[in-house]
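Some notes on the structure that comes next.
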Amino acid sequence: MPELPEVEVIRQELAPLLAGRRFTAVDARLKKMVLTPLGRFRRAVVGSRITAVRRRAKLLLLDLSSGWTVAVHLKMTGQLVWVPERGTLRGGGHPFHGALDGLPNRYSHIVFTVTGGQLIFNDLRQFGFLKLVRSDALERWFAEQKIGPEPLERFPFATFNERLKRRPRSRVKPTLLDQRFVAGLGNIYADEALFEARVRPTRLVRTLTVSERRALWQAIPAVLRRSLRHRGTTFRHFRRPDGQPGAMLRLLRVYGREGQPCRRCGTPIQKTRLAQRGTHACPNCQR
DNA sequence: AAGAAGTCCTGGGCGC
DNA sequence: TGCGCCCAGGACTTCT
């Protein structure tokens, strides 16, 4: 469930906490979470300094002084929590399934000891992963996966429209969710962007008018930036590195609002299933 | 080539 | 009170 804004919030908040610190130990309690052979992983990480904390798509990237980068994918329930040697975690009093109680706990699958604290990878559903990639081979790795353009960086309409033209027969929402089409959207912000652009999620790409394409192209970064300002959406599991939730949930316009009045026209928001995903839309203002 | 379905996994919420 | 079932969905794989 962490999508681009949530991963970016983690990056922004983790970067000053980790910059220049050194890994002194790695405790891989659940080995399958590390996609790299553990001996190699440990040799690259332990003793290395963290030189940068970056993000590409939904991947968080920890650049190390050893020339390696630890790529972290949180998938749906992953969390990266910073526990300082002295200090406390604030849960924020949000409804939560206990995954931050008493860290490290049964969901803490990887525990990094860092000078000054611990960096803990929690993941209730164990879908997330860590992978070691040579820093100078990262771009090649992204290219192999065909990860699409970053919507908050250079993202010209012409490129967006060209990409739409390549998949005329696809429905628009599955297209937005495809990381090869555009990087970083997940179920929440795909629904939010379609609402913002007043486009039905089931529309075939080839039927979108130029003004609808433009509206969608504008809506994507607008929705992501708005979430970023509010430090992301905490639906269940998303936590910032200090354990606090994001504040975007109550500002969402369609996601999670089935039956509630559309904020534009008052029509009850409908929830349907599209490509095996819960899909929220206003049946009146999305055409 | 697109789309449906299966896969990983746990806990919450529901009906009975 | 408790059991069985479905749902949540990121991204990959397999089948149609």
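Just so it is clear, the values below take in all heavy atoms, side chains as well, and ignore hydrogens, waters and symmetry mates. We name chains A, B, ... by the order of the sequence lines, and we start the count at 1 in each one.
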**Secondary structure string for DNA chain C (Watson-Crick or G-U under 3.5 angstrom, | for other-strand pairs)** = .|||||||.|||||||
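The nearest whole Å value for the distance from the CD atom in A:Gln126 to the P atom in B:dT7 is 17 Å. Whole-Å rounding puts the A:Phe181 CZ to B:dA2 C1' distance at 15 Å. As rounded to whole Å, 10 Å separates atom C1' of B:dT10 from atom NE2 of A:His109. For the pair A:Arg206 CZ and B:dA1 P, the interatomic distance rounds to 16 Å; values are reported in whole Å. Across the protein-nucleic acid pair, A:Leu74 atom CG and B:dC8 atom P stand 22 Å apart, rounded to whole Å. Look at CG on A:Leu35: it is 18 Å from P on C:dG10, rounded to the nearest Å. Residue A:Leu4 contributes atom CG, which lies 13 Å from atom P of C:dG10 at whole-angstrom precision. One can place CG of A:Leu176 at 16 Å from C1' of B:dA2, the figure rounded to the nearest angstrom.
A:Ser108 and A:Asn105 are linked by a side-chain donor-acceptor pair at a separation below 3.5 angstrom, with hydrogens and angles left out of the test.
The distance between the ring centers of A:Phe121 and A:His109 does not fall below 6.0 angstrom.
Both the sub-6.0 Å distance and the 45° axial angle are satisfied by A:Arg264 relative to the ring of A:Phe195. In this structure, A:Arg213 fails the cation-pi test against A:Phe160, since its NZ or CZ atom is not both closer than 6.0 Å to the six-membered ring centre and inside 45 degrees of the ring normal.
Regarding contacts with the backbone of C:dG10, every side-chain N or O of A:His73 stays at 4.0 angstrom or more from both OP1 and OP2. Considering only side-chain N and O atoms, A:Lys58 lies under 4.0 angstrom from the phosphate OP1 or OP2 of C:dA11. The phosphate of B:dC9 has neither OP1 nor OP2 within less than 4.0 Å of any side-chain N or O from A:Tyr107. Taking 4.0 angstrom as the limit, A:Lys32 places a side-chain polar atom (N or O) nearer than this to OP1 or OP2 of B:dC9. OP1 or OP2 of B:dG11 sits under 4.0 Å from a side-chain N or O of A:Arg106.
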**Prompt:** Going through the distances and angles, do A:Asp63 and A:Arg54 end up as a salt bridge (Lys or Arg N to Asp or Glu O under 4.0 Å)?
**Reply:** CA-CA 8 Å; A:Asp63 289 335; A:Arg54 297 186 290 145; 2.7 Å; yes
**Prompt:** Between A:Arg231 and A:Gln12, is a side-chain contact (heavy atoms from CB on, under 4.5 Å) present by the stated rule, with each step listed?
**Reply:** CA-CA 10 Å; A:Arg231 314 320 279 163; A:Gln12 288 176 4; 2.9 Å; yes
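With hydrogens and angles ignored, the 3.5 Å screen pairs a side-chain donor or acceptor of A:Trp217 with a backbone N or O of A:Phe155.
Considering only the side chain of A:Arg171, B:dG3 comes nearest among B:dC9, B:dA2, B:dG3. Distance from the side chain of A:Ala275 is smallest for B:dA4 among the nucleotides B:dG11, B:dA2, B:dA4. Distance from the side chain of A:Ser170 is smallest for B:dA2 among the nucleotides B:dG11, B:dA2, C:dG10.
Looking at A:Phe41 and A:Val26, their side chains come closer than 4.5 Å, going by heavy atoms from C-beta outward.
Between the side-chain ring of A:Phe127 and the base of C:dG10, a stacking contact exists by the 5.5 Å and 30° definition.
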List, with names and distances, any nitrogen or oxygen atoms from the protein found under 3.5 Å away from nitrogen or oxygen atoms belonging to nucleotides 5-8 of chain C.
unit_1	atom_1	unit_2	atom_2	d
C:dA8	OP1	A:Lys271	NZ	2.6
C:dA8	OP2	A:Arg273	NH1	2.4
C:dA8	OP2	A:Arg273	NH2	3.4
C:dA8	N1	A:Arg125	NH2	3.3
C:dA8	N3	A:Arg125	NH1	2.9

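Note that the CE atom of A:Met248 and the CG atom of A:Leu224 stand 9.5 Å from one another [nearest 0.5 Å].
Among A:Arg287, A:Arg200, A:Arg203, the single residue meeting the side chain to side chain donor-acceptor pair (under 3.5 Å) criterion with A:Glu212 is A:Arg203.
Separating the P atom of C:dC6 from that of B:dA5 is a span of 15 Å, rounded to the nearest Å.
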